[in-house]
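Computed from a prediction, not measured in an experiment: that's the story for all the values here. Each chain gets a letter, A, B and so on, in the order its sequence line appears, and its residues count up from 1.
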Amino acid sequence: MNSKTFYVTTPIYYATSAPHIGSAYSTIIADMIARYKRFCGYDVYYLTGTDEHGQKVLEQAQVQGKNPQEFCDEQAAKFINLWKEMEISNDDFIRTTQKRHEDVVSAVVQKLVDNGDIYKGKYEGLYCVHDEAFCTEEDAVKRDGKKLCPDCNRELKWFSEENYFFKLSKYQDKLLKLYEEKPEFTEPSFRRNEMLQIIKGGLHDLSISRTSFDWGIPLPNDNEHVLYVWVDALLNYITALGYSTDKDELFKKYWPADLHLIGKEINRFHSIIWPAILMALDIPLPKKVFAHGWLTVNGEKISKSRGNAIDPRLLMDAYGKDAVVYYLLRDINFGRDGDFSEDNLIGRINSDLANDLGNLVHRTTAMIKQNFDGVIPQPEGECDAPDIQLKNVFENTLTDYLNNMDNYKFTQALDAIWTFIGFANKYIDLTQPWKLAKEEGKKERLATVLYNLSDALRNIALFLKPIMKDTSKEIFRRLGIKDQWEGTTYEQLKWELLEGGSTVIKEKPIYPRLDVAKVKKVIIMKDPEEEADKAAAKADAAEARADAAATKEEKIEGVQLIGFEDFTKIQLRVAEIVEAEPVPKSRKLMKLQLELGEEEKRQIVAGISQHYTAEELVGKKIIVVANLKPAKLMGVQSNGMLLAAKDGENFRLLTADGPINPGAKIS
RNA sequence: GGCGGUGUAGCUCAGUUGGCUAGAGCAUACGGUUCAUACCCGUAGAGUCGUCAGUUCGAAUCUGACCGCCGCCA
């Protein structure tokens, strides 16, 4: 029996929507943590699942003409299958419609009723059916005599019903004490502070039942009511372990949870309500709640209507699971919000995975093949300065890696690994093995160098084992030690543990470089109209701000005087417009091709679409600032700016008074 | 409206308790190398450290005001 246990959970995902990059993010990270802890010798239990009760599930099932259970079965299967395809290593998958969950929840609720922690009261207020949430009179959006939900703009209904309440207020002081004694209970610390503020502000009892729908767990003492989402969903963390059943070995073994990994939107439930419920049940509290940030996709919030709720499967298929995982952990600072950008993903693949890591594997195996018939040599002779440096960098990396991984600083852990990879590449430059191969009597030295590189690769593979399983395994295979991979632990992270004598495999590079121009993008933004409107609105706003700023400046400073030398910095020239076309998606911008004399052509972008048509512009000789720094306006390159006069709505281009050649300078 | 965070090189970000010429990666330019996936190694860049004022011998780092963005709550 292993005494060190580790219980990690993801949120249970709501059954109304299919898995997307956001749910995959939580699951991937929890998976990596689970694998890391196993790697470090822990007996790990990793739980994920689906939350299947509630009105929205019911509605959606009806829309699809299915009974709710049938609908949930299909939705749950989507998650289960995806996690399987992604080789997520969860030990269990809990569904809140399973009997094992419902039975325990009923028992737990009964217990809370018996203890007096759940009582009957009355709840009245405005209610949003879609969001399943109450809304205060103040927050409601008033329009046409109707009151609308501030979040979703649907009409609010007056709601009055007898509800059961959980005595959350009773636990306020205990929660405060928890936060004081265990500051690490909620992370990151800024999330903890947010929670602390809520607690200090005073906790209200929580309405936990509904009578408006019946797709839920009935209250054991009153079948008219079903349990509202939170108590039901949160309890999954213990029902999955068989809490309060006669098969509670798992609960005894793994509870309290070491880590509830969640998204920031459900922090309040996990950092306040969940511990309060556990206090009421006299169950030990989890050790940590970690609320990670949200992902945007190419700078946009994830939403179905925008079409960027990417199916993680597509990404995995296009780029490989390890690459996607690497990117998520390396580029998005864990805990903070981050942006998933496909361009950045490709950048990371090329620079970090192909150039740095992949190339290191490739060049090392190639040299062993050329010089030692592919057999990894034993180190011979004395250590040289670079050898000692390499070893030192390894030792530092090991310390950093373990520290950062233990503290959930994954971005930094990867950074440490890549510092080592970087130095291994430099080590090749320092030792110049290709020269050693040509010189007489240097074979021993060459053996040592290539051995060190092989051992570096072995250690790199081990660093990556919990994070990028396939890559890790593949490096072992390339080193000819494939059968040693299974069962390796952090204890094998040591210098010179490689035995040598195995035969390397030199095949195609493990990470081919991607041609940015040729890669078919997975993320395609839909709804271009909405995008265009938004972009236009943004441009307008920016312009308005600029105008306002300019006005303000004038008012404050009056007309500013400049010296002649300042004026000479500006190169003004005559230009003939040879082509004009509006910039797509923009209300104001026009793209112009100019003739600037001496066969010089130039493209500029100007905000004149509202005043001139393209046809009117062609042929006009205008005045431009020719030495303005190039800029991009709505993605279009602009290499200058035209001059125009503006007087309220009146807007006129400056032109030359009579014939003159394009390119002529103005002074 | 209250509380909190944040604004540092073209981009993404590090910068402990205030202290030598402000850092890393990517991108760019140049040089080196050729074992390797035009890769790797090295060198370089006039960054007002959001703006303004203050404390100090000295501030990106502390204080105040303001501007921008974000989060939580109401």
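Only the P atoms considered, B:A22 is 13 Å distant from B:A59, to the nearest whole Å. Comparing the P positions of B:C13 and B:A74 gives a spacing of 30 Å, expressed to the nearest Å. Using atom C1' as the reference point in both B:C40 and B:G45, the two lie 22 Å apart (nearest Å). Between B:A53 and B:U16, the two P atoms lie 26 Å apart (nearest whole Å). Across the P atoms, B:U28 and B:G23 are found 23 Å apart, a figure rounded to whole Å. The gap from the C1' atom of B:C20 to that of B:A29 amounts to 30 Å, rounded to the nearest Å. Across B:G58 and B:G68, the matching P atoms stand 32 Å from one another, rounded to whole Å. Remark: the separation of the P atoms in B:G1 and B:G25 is 44 Å, to the nearest Å.
A:Gly202 comes within 4.0 angstrom of nothing in the nucleic acid, heavy atoms only. Here A:Ala354 lies in heavy-atom contact (under 4.0 Å) with a base. At a threshold of 4.0 angstrom between heavy atoms, the contacts of A:Gly358 include nucleobase atoms, whether or not backbone atoms are also involved. Within 4.0 Å (heavy atoms only), A:Asp356 reaches sugar-phosphate atoms of the nucleic acid but no base atom.
Distances were taken from every side-chain heavy atom of A:Glu194 (C-beta onward) to each of B:C73, B:U37, B:G71; the shortest belongs to B:G71. Of the candidates B:C72, B:U37, B:C40, the closest approach to any side-chain atom of A:Arg363 belongs to B:C40. The side chain of A:Gln197 approaches B:C3 more closely than any other nucleotide in the set B:C3, B:U37, B:A36. Residue A:Arg348 has its side chain nearest to B:G25 when only B:C73, B:C40, B:G25 are considered. Side chain of A:Asn425, nearest nucleotide from B:C40, B:C72, B:U37: B:C40.
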Apply side chain to side chain donor-acceptor pair (under 3.5 Å) to A:Asp387 and A:Tyr427, showing your working. CA-CA 8 Å; A:Asp387 305 7; A:Tyr427 175 78; 3.0 Å; yes
Go through the steps for A:Thr471 and A:Glu474 under the test side-chain contact (heavy atoms from CB on, under 4.5 Å), then give the verdict. CA-CA 5 Å; A:Thr471 304; A:Glu474 179 61 16; 5.6 Å; no
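In this structure, B:C3 and B:G71 make a Watson-Crick or G-U wobble pair, each of the two defining distances being under 3.5 angstrom. Base pairing of B:C62 is made with B:G54, judged by Watson-Crick or G-U wobble geometry with both donor-acceptor distances under 3.5 Å. Base pairing of B:G25 is made with B:C11, judged by Watson-Crick or G-U wobble geometry with both donor-acceptor distances under 3.5 Å. Applying the Watson-Crick and G-U wobble criteria (two distances, each under 3.5 Å), B:C40 pairs with B:G32. Pair assignment for B:A46 gives none, since no Watson-Crick or G-U wobble pairing has each distance under 3.5 Å.
Remark: A:Arg458 engages A:Asp455 in a salt bridge, criterion side-chain N to carboxylate O under 4.0 Å.
The CE atom of A:Met195 sits 14 Å away from the P atom of B:G71 (whole-angstrom rounding). The distance from atom CZ of A:Phe420 to atom P of B:G25 is 18 Å, rounded to the nearest whole Å. The nearest whole Å value for the distance from the CG atom in A:Leu357 to the C1' atom in B:C39 is 13 Å. Between the P atom of B:C40 and the CD atom of A:Gln432 lies a distance of 18 Å, rounded to the nearest Å. What separates CD of A:Gln370 from P of B:U34 is a distance of 14 Å, to the nearest Å. The nearest whole Å value for the distance from the CG atom in A:Leu196 to the C1' atom in B:G5 is 16 Å. B:U12 atom P lies 17 Å from atom CG of A:Asp352, rounded to whole Å. Between the C1' atom of B:G25 and the CZ atom of A:Phe423 lies a distance of 18 Å, rounded to the nearest Å.
A side-chain contact (heavy atoms from CB on, under 4.5 Å) with A:Tyr25 holds for exactly one of A:Leu295, A:Val324, A:Val325; it is A:Leu295. A:Ile368 pairs with exactly one of A:Thr364, A:Thr365, A:Asn371 by the side-chain contact (heavy atoms from CB on, under 4.5 Å) rule, that one being A:Thr364.
The side chain of A:Lys426 contributes an N or O atom lying less than 4.0 Å from OP1 or OP2 of B:G42. The side chain of A:Arg330 places no N or O atom within less than 4.0 Å of a non-bridging phosphate oxygen (OP1 or OP2) of B:U12. For A:Asn355 and B:C40, the shortest distance from a side-chain N or O to OP1 or OP2 is below 4.0 Å. OP1 and OP2 of B:G71 both lie 4.0 Å or more from every side-chain N or O belonging to A:Arg191.
Side-chain N or O atoms of A:His362 include one that pairs as donor or acceptor with a backbone N or O of A:Glu507 at under 3.5 Å. At distances below 3.5 Å, at least one donor-acceptor pair connects side-chain atoms of A:Trp418 with backbone N or O atoms of A:Asp352.
Residues A:His204 and A:Asn344 both approach RNA chain B. Their nearest nucleotides, taken by heavy-atom distance, put A:Asn344 toward the 5′ side. Map A:Met367 and A:Asp429 each onto its nearest nucleotide of RNA chain B; the residue landing nearer the 5' end is A:Met367.
A:Phe340 and A:Tyr327 have their aromatic ring centers within a separation under 6.0 angstrom.
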